[in-house]
Amino acid sequence: DFVWKELSIEATGTYARGNSQYLRQDILTRYNSTRYAVEGKLNMKPCKWFDFGFTTQWSCYKSRTEGGISSRQSINWRNLLTLNTTIIDQHMWLTINATHVYNNLLDKRNNEYLSAQLRYRTKKMDFRLSADNLLNMRQYSTLSISDMTERYTVYHLQPLTVMLSTSIHI
């Protein structure tokens, strides 16, 4: 971790090796796997009316049998960016969230998701205008592998949604 004024930087890394055995139809198969992962975070507030955060996660997984048969290599990369700004001090704020996900095993390797919220506050009321899935992404898929399995998941997403909400302070 590194913190200076309103700046924070964090980085972590992992490395793992695994050995496993699977018995299938009277045949014992030994697998050796390797996983690398790196994560970084950056948060900064360069001035009193603006701050942002960025997180990135990258991982790589590979396994092979002792006989040399190798599985596909899985590379995943996820980025998240959050921007917050004050438009009118103590009254109006804007928040934007952007996500990018990469998976080398999928046909559509890159997926992006974007949302925003505008908030206005008075002494007695609070108004929020939210927009989710601004890029109108309809489907998001993941594919993960391990020694003997592959898991494919499809998420069907709600289309672009805009919502205005209000609350009253009593």
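Only heavy atoms go into these numbers, but all of them, side chains included; no hydrogens, no water, no symmetry mates.
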Which residues satisfy the side chain to side chain donor-acceptor pair (under 3.5 Å) test with Ser130, sequence neighbours excluded? Gln117
A quick test of your reading: do over 12 heavy atoms of other residues, nucleotides or ligands sit less than 6.0 Å from CG of Leu23? yes
Just do the side chain to side chain contact (heavy atoms under 4.5 Å, CB included) check on Val154 and Gln139 with the steps written out, would you? CA-CA 7 Å; Val154 177; Gln139 178 173 298; 3.5 Å; yes
What do the steps show when you test Gln73 against Cys60 for side chain to side chain contact (heavy atoms under 4.5 Å, CB included), and what is the final call? CA-CA 7 Å; Gln73 180 172 313; Cys60 177; 3.3 Å; yes
Is there a side-chain contact between His91 and Asp89 in this structure, where contact means two heavy atoms from C-beta onward sitting under 4.5 Å apart? no
Within the 3.5 Å criterion, strictly below it, is a donor on His100 or Asn111 matched to an acceptor on the partner's side chain? no
Using links of under 4.5 Å between side-chain heavy atoms of ILVMFWY residues, direct or through other members, which residues join Trp93 in one cluster? none
Checking one residue: Met163. Which other hydrophobic residues are in its cluster under the side-chain 4.5 Å linking rule? none
Under 4.5 Å between any side-chain heavy atoms of Arg138 and Pro159, yes or no? yes
Rounding to 0.5 Å, atoms CZ (Arg109) and CG (Asn104) come to a distance of 6.0 Å
Exercise: identify the closest heavy-atom pair between Ala98 and Leu114: CB-CD1, 3.7 Å
List in chain and number order the residues that pass side chain to side chain donor-acceptor pair (under 3.5 Å) with Glu150, two or more places apart in sequence or in another chain; answer none if no residue qualifies. Arg72
Mind listing the closest non-hydrogen atom pair of Leu106 and Ser141 along with its distance? CD1-O, 3.3 Å
Please determine whether side chain to side chain contact (heavy atoms under 4.5 Å, CB included) holds for the pair Ile27 and Tyr22, giving the CA-CA distance in whole Å, both sets of side-chain angles, and the decisive distance to 0.1 Å. CA-CA 8 Å; Ile27 299 172; Tyr22 293 99; over 6 Å; no
Sequence neighbours left out, what pairs pass ring pair (Phe, Tyr, Trp, His ring centres under 6.0 Å) with at least one residue falling in residues 149-170? Tyr140-Tyr155
Is the side chain of Thr122 donor-acceptor paired with the backbone N or O of Met125 at a distance under 3.5 Å, no angle test? yes
Does the side chain of Tyr61 come within less than 4.5 Å of Ser33's, by heavy atoms? yes
Checking Lys45 now: which residues fulfil salt bridge (Lys or Arg N to Asp or Glu O under 4.0 Å) with it, not counting sequence neighbours? none
Donor-acceptor list for residues 46-56 side chains, cut-off 3.5 Å, not counting sequence neighbours:
residue: Asp51; atom: OD1; partner: Asn84; partner atom: ND2; Å: 3.1
residue: Thr56; atom: OG1; partner: Trp77; partner atom: NE1; Å: 2.7
residue: Thr56; atom: OG1; partner: Asn79; partner atom: OD1; Å: 2.6

Is any side-chain heavy atom of Leu160 closer than 4.5 Å to one of Asp132? no
If you measure from CG on Asn76 to OH on Tyr102, what distance do you get to the nearest 0.5 Å? 9.0 Å
Looking at residues at least two apart in the chain, or sitting in another chain, which of them share a side chain to side chain donor-acceptor pair (under 3.5 Å) with Lys123? none
Going by heavy atoms in the side chains, are Val101 and Asn103 under 4.5 Å from each other? no
Look up atom CD1 in Ile96 and atom CG in Leu134, then write down how far apart they are to the nearest 0.5 Å. 9.0 Å
Gln158: side chain to side chain donor-acceptor pair (under 3.5 Å) partners, not counting sequence neighbours: Thr161
Find the distance between CZ (Arg119) and CG (Leu129) and round it off to the nearest 0.5 Å. 13.5 Å
Any chance you could measure Met137, atom CE, to Thr99, atom OG1, to the nearest 0.5 Å? 8.5 Å
Cluster overlap Ile75 with Leu80, hydrophobic side-chain contacts below 4.5 Å: no
Among pairs that include at least one residue of residues 104-137, which meet ring pair (Phe, Tyr, Trp, His ring centres under 6.0 Å), considering only residues two or more places apart or in two chains? none
Who pairs with Glu112 by salt bridge (Lys or Arg N to Asp or Glu O under 4.0 Å), at least two apart in sequence or on another chain? none
Suppose we screen for salt bridge (Lys or Arg N to Asp or Glu O under 4.0 Å). Which residues come up paired with Arg128, at least two apart in sequence or across chains? Asp126
Using a 4.5 Å cut-off on heavy atoms from C-beta on, say whether the side chain of Thr14 contacts that of Arg35. yes
Hey, does Trp58 have a side-chain heavy atom less than 4.5 Å from the side chain of Tyr36? yes
Quick one: CE on Met44 to CG on Leu42, what's the gap to the nearest 0.5 Å? 7.5 Å
With side chain to side chain contact (heavy atoms under 4.5 Å, CB included) as the criterion, how do Leu105 and Ile145 come out once you've worked through the C-alpha distance, each side chain's angles and the decisive distance to 0.1 Å? CA-CA 9 Å; Leu105 299 175; Ile145 60 172; 3.9 Å; yes
